[in-house]
Amino acid sequence: MPIGLITLVVLSILIFFGIGQRALKRLYLSDKSALIVIALMFIGTLLPNIPLVGGISINIGGALIPLILCGHILYRVDTNRERLRALVAIVITSAAVYFASRYLPTEVETIVIEPNYLYATVAGVVAYISGRSRRCAFLAGILSIIINDLLYLFEIYRLGLPSSVVIGGAGVFDTTVIAGIFAVMLAEVIGETRERLSGLRDNQIKNAHSASTLAKIKKRMKKDRINE
Amino acid sequence: MNKFFYSFILTLLVLNVNSVICLGHGEDLCFALYDEHSRFLCNLSYNLTIGDQYITARNRCYEVYKIDYIFSKAWAREIYTIPFKIQENLQIPAFVDSEPSDYTVGIYHTHNDESYIEGDGKSSISPSGGIEDIGDILATNLEKNGFTVLYSKKNHLPHDSWSYQRSRRTAMSMIRKSADILIDVHRDGISGKYYTTTIKGKKVAKIRLVLGTQNPNQRANREFINQIKSIMDKKYPGLLKDIYLGKGNFNQDLSSRSVLIEVGTHETNKKYAVRAINLFSNVLTDYLNGGYFEANNGFGSAILYLLAGFIIIMLIYFLFTNNHTNNKGSMVDRTRKRYASAIMKVKKKDKKPNKK
């Protein structure tokens, strides 16, 4: 089973059981809409790519639906400052992924980490460091890979290669999807850990930008104990 | 902004250190591999790490335990011998009801520029190298034997580490067209003398099979490679150089029958590589006709199953879980109340006398 599929199945189960609601909320998604998006991505993966202009085609599950989601998030972002931070994160992450693709080992026998995971991790880590929020991490993770696909067009013209670009062509198995999910998960895990280590009280965590479901569960358990 | 800048530089440094440590696939640079008794096993042109595994043509699996980077030497201990039983009396199971044309083989090249110095003139020719001729021959032979072949000459250059991402999309497009087997055809970069043998009086290039170990489908792919190896050993002993268990997945997670093959090296005479691929196509023909598996039914049924499963799961979720809005009660309760109120309204309408 490809890693992209495993990630999405695990994610679906976590969303189904109500975990990660805080992260979904920051992405302006409810449980239902997140499950619908994931299902559409699965189905879109199996459908043929949509041809665009200039030798570019796009896969519905691997790029079109994530792009629409990114557009939705960018449109709904609260402040212009956060929008600008997201754009900066996208540029920095795209550059990091571009240089990674140029300088990492290329041959079968010299690969140390599977490129699919490595680019997703690079995108996730740099997206979180530069974006510092779930939204920015998600946007930068996905859009950095798509931007690199578009940069490949310039390589095609520069080198005169008889090739074309298929954005997100491997669907849910593509690095695009994995990068976005890794980035959000990193933001969630690191953000939560940082909040806990900094010793914030529960009500502070609740109000904090990166507050997570765990704090909510703890509060609910405390309330249940008091009611008993 | 300083944090962004420093984190960006740090990331680049980490990546560059990794590439510097990696000795590269230098076409003149390789490790000599010895067993624990210092007997020479083979030359390998890759960045060895402790724990790497290597399966010889004689079915012995070795694991690297010591590396000398200065003198490019490594030592490996034998961890097991694989019992390859040739299935001579294989009965084709009754449920494998597939004709040759039902089987689809997908062939592509991640590194399209790979070529043979003796035959093509250079070791690398952009955009299309000599390796595409080898792929062509494999595709033509399989088509002649009645199989459906999807041969893609889509270019995945430049020859960088992103090329596996590009070829992943090509592989995925073949999966959508119900490819049963995926083959990524390459040539190796070590000295040619380790990659030549004689079969039936003629010099032939050896073929290396590569299995990605960072791959959830690893066991299925290993089973596939083991079956191919058993046929190769029976039909053409010596044709298989070895099986390399590489880090990475080489897009082998997309299919349970996916393999990367290295047909000779840049120093091998291209004629020998052509002979090798002709023999390999016979091996594949025997494998596909051998009743090992049933041909892929295609994605149509997969889509239907996915849709059905999705609808069932969403129905269960919507009916029995609490909504996360302010409305209290489950979807069942709210639906019941909604219809109950609609029924009440209808009954009230019935009770109203007709105005004349």
Side-chain angles (χ1 to χ4, degrees), chain A residues 1-3 6 16 18 21 30-32 35-36 39 42-43 45-49 59 88-89 92 95-96 99-119 122 125-126 129-130 148 152 155-156 159-164 166 168-171 173-175, chain B residues 3-4 7-8 11-12 15-16 18-19 22-25 44-47 49 126-127 154-166 168-173 176 186 189 210 212 214-217 244 246-250 253-254 260 262 299 302-303 306-307 310 313-314 317-318 324:
Chain A
M1 210 179 184
I3 187 68
I6 295 170
F16 196 83
Q21 286 193 27
S30 65
D31 295 11
K32 277 176 237 154
L35 284 174
I36 289 169
F42 274 132
I43 295 166
T45 299
L46 304 175
L47 297 173
N49 299 326
N59 183 265
V88 168
I92 292 175
F99 285 114
S101 71
R102 288 294 165 268
Y103 290 105
L104 287 177
T106 65
E107 295 295 337
V108 154
E109 297 89 345
T110 57
I111 287 170
V112 178
I113 303 173
E114 161 56 29
N116 209 18
Y117 312 152
L118 185 61
Y119 293 128
V122 166
V125 169
V126 177
I129 291 171
S130 45
N148 271 276
Y152 179 54
E155 292 288 320
I156 290 174
L159 298 169
L161 299 171
S163 188
S164 58
V166 183
F173 313 136
D174 203 275
T175 311
Chain B
K3 277 185 210 172
F4 301 153
S7 58
F8 178 59
T11 311
L12 282 182
L15 293 171
N16 276 295
N18 178 53
S19 66
C22 157
L23 296 174
H25 188 56
L44 297 164
S45 78
Y46 56 87
N47 187 22
T49 53
S126 179
K154 187 171 186 318
N155 206 285
H156 304 114
L157 296 178
H159 194 129
D160 59 10
S161 58
W162 198 253
S163 49
Y164 280 97
Q165 303 309 306
R166 294 181 212 114
R168 189 175 181 78
R169 282 118 189 221
T170 304
M172 192 59 204
S173 69
R176 282 193 200 99
H186 290 247
V210 178
Q214 290 173 358
N215 163 20
N217 261 347
Y244 168 58
K247 293 184 172 59
N249 76 20
F250 315 118
D253 58 322
L254 296 176
L260 190 153
E262 309 239 41
F299 262 6
I303 293 174
L306 268 175
L307 270 173
F310 170 64
I313 290 170
M314 292 308 285
Y317 179 77
F318 285 130
H324 294 290

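Below, read A as the first sequence line, B as the second, and so on, with proteins coming before strands; counting in each chain starts at 1. These figures come from a predicted structure and were not determined experimentally.
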> Working to the nearest 0.5 Å, report the span between CG of A/Asn49 and CZ of B/Arg176.
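Rounded to the nearest 0.5 Å, the CG-CZ separation comes out at 4.5 Å.
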> Look only at the side chain of B/Arg168 and the backbone of A/Gly169, and say whether a donor-acceptor pair between them is shorter than 3.5 Å.
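A pair under 3.5 Å: no.
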> What part of B/Ser173 gets closer than 4.5 Å to chain A, counting heavy atoms only: side chain, backbone, both or neither?
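Neither; nothing under 4.5 Å.
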> What closest approach, in Å, do A/Tyr152 and B/Asn155 show between heavy atoms, and which atom pair accounts for it?
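A/Tyr152 and B/Asn155 have their closest heavy atoms at OH-O, 3.6 Å.
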> Check step by step if side-chain contact (heavy atoms from CB on, under 4.5 Å) holds for A/Ser163 and B/His156.
CA-CA 7 Å; A/Ser163 188; B/His156 304 114; over 6 Å; no
> To the nearest 0.5 Å, tell me how far B/Met172 CE sits from A/Asn59 CG.
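Here the interatomic distance stands at 8.0 Å.
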> Please give me the minimum heavy-atom distance between B/Arg169 and A/Gly168, naming the atom from each residue.
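Here B/Arg169 and A/Gly168 meet closest at NH2-N, 3.8 Å.
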